[in-house]
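Given the structure is predicted, the values throughout are model-derived calculations rather than measurements.
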Amino acid sequence: MSRKIGKKSYQEQPKKYLKRSYSFPAIFDYDEDGISVSFPDLPGIFTCGKDEEEAYDYAKEALGLHLFGMEIDGDIIPSPSKVNQLDLDSDKAVVIVNIFMPLVRDRVQRATLKKTLTIPKWINDLAEENHINFSQVLQEALKERLDIKDPNEKNNLY
């Protein structure tokens, strides 16, 4: 069974359509120089690691980011294959990778971007003299202009 969350923007999606976690089988392909990882149900995900721990960590990150992208794009997220139905060579193993999506979504949404801007030199000089943090001032001004309340300023305890 596949899930489609629609073509609405991610922010418009009702929370009930966004799963909290996903578990997908990953194929660990062992070689002399490390472990290659792929997901049979999600052909766009490939990663690798020097050992099992690193391969698993990178597989989790790759899975979470890929699924987040699919959610954003409104793509159908397939159901995971049954482990016993996967046909593997002797140098491969199946590892179930679970990802908790609220953490992925939060991390991606809080990512910072570098912006280049132009201001008059005299304002720049005065701001530097007063040790002004340009990034902080721009963020505060944008939040005020866009009437955005900072989610970190919540006063609830949950």
Do the side chains of R105 and E71 get close enough for a salt bridge, i.e. N-O under 4.0 angstrom? yes
Quick one, M101 and S21 - any side-chain contact, counting heavy atoms below 4.5 Å? no
Could you go step by step and tell me if Y30 and E52 meet the side-chain hydrogen bond (donor to acceptor under 3.5 Å, both in side chains) rule? CA-CA 9 Å; Y30 294 82; E52 288 181 337; 2.4 Å; yes
Which residue pairs satisfy the salt bridge (charged side-chain N to carboxylate O under 4.0 Å, His left out) criterion with at least one member in residues 92-104, sequence neighbours excluded? D89-K92
Counting C-beta onward and ignoring hydrogens, is there a side-chain heavy-atom pair between P40 and I27 closer than 4.5 Å? yes
State, yes or no, whether a side-chain contact exists between E61 and R107 at a heavy-atom distance under 4.5 Å. yes
Determine whether L63 and I45 satisfy the following criterion, side-chain contact (heavy atoms from CB on, under 4.5 Å), listing intermediate values before the conclusion. CA-CA 7 Å; L63 177 64; I45 307 176; 4.0 Å; yes
State which residues pass salt bridge (charged side-chain N to carboxylate O under 4.0 Å, His left out) with D125; sequence neighbours excluded, sorted by chain then number. K121
Determine, using the 4.5 Å side-chain heavy-atom cutoff (strictly less than), whether I77 and F39 are members of one ILVMFWY cluster. yes
Let me see the working for D29 and S38 under side-chain contact (heavy atoms from CB on, under 4.5 Å), right down to the final yes or no. CA-CA 8 Å; D29 187 355; S38 61; over 6 Å; no
Are Y56 and Y58 connected in a single hydrophobic cluster, I mean Ile/Leu/Val/Met/Phe/Trp/Tyr linked by side-chain heavy atoms less than 4.5 Å apart? no
Using the rule that two of Ile, Leu, Val, Met, Phe, Trp, Tyr join whenever any of their side-chain heavy atoms come within less than 4.5 Å, decide whether L113 and V108 are in one cluster. no
Return the minimal non-hydrogen interatomic distance between V94 and V83, and the atom names on each side. CG1-CG1, 3.9 Å
Calculate, to the nearest 0.5 Å, the distance between atoms CD1 and CG belonging to I132 and L138 respectively. 13.0 Å
Show your reasoning for whether side-chain contact (heavy atoms from CB on, under 4.5 Å) applies to F24 and D41. CA-CA 8 Å; F24 279 90; D41 302 306; 3.8 Å; yes
Taken to the nearest 0.5 Å, the spacing of E54 CD from D51 CG works out to 6.0 Å
Is any side-chain heavy atom of Q136 less than 4.5 Å from a side-chain heavy atom of E140? yes
Please report the shortest heavy-atom distance between P25 and P80, naming the atom on each side. CD-CB, 3.8 Å
Neighbour count >12 (heavy atoms, 6.0 Å) for atom CG, N84: yes
A side-chain contact here means heavy atoms from C-beta on lying under 4.5 Å apart; do V104 and L67 qualify? no
Any chance CD of E128 has more than 12 other-residue heavy atoms, nucleotides or ligands included, within less than 6.0 Å? yes
Using the rule given for side-chain contact (heavy atoms from CB on, under 4.5 Å), can you reason through D91 versus D31, listing the C-alpha separation, both sets of side-chain angles and the distance that settles it, and then say yes or no? CA-CA 8 Å; D91 59 344; D31 201 353; over 6 Å; no
Atom pair CG (L103) and CZ (F68), whose distance is rounded to the nearest 0.5 Å: 12.5 Å
For a 4.5 angstrom cut-off between non-hydrogen side-chain atoms, does F134 reach I119? yes
Nearest 0.5 Å, what's the CG-OG1 distance between N124 and T118? 11.0 Å
What's the separation between atom CG in N133 and atom CD in Q139, rounded to the nearest 0.5 Å? 8.0 Å
Between atom CG of L86 and atom CG of L88, what is the distance when rounded to the nearest 0.5 Å? 6.0 Å
So do M70 and L42 actually touch side chain to side chain, heavy atoms under 4.5 Å? yes
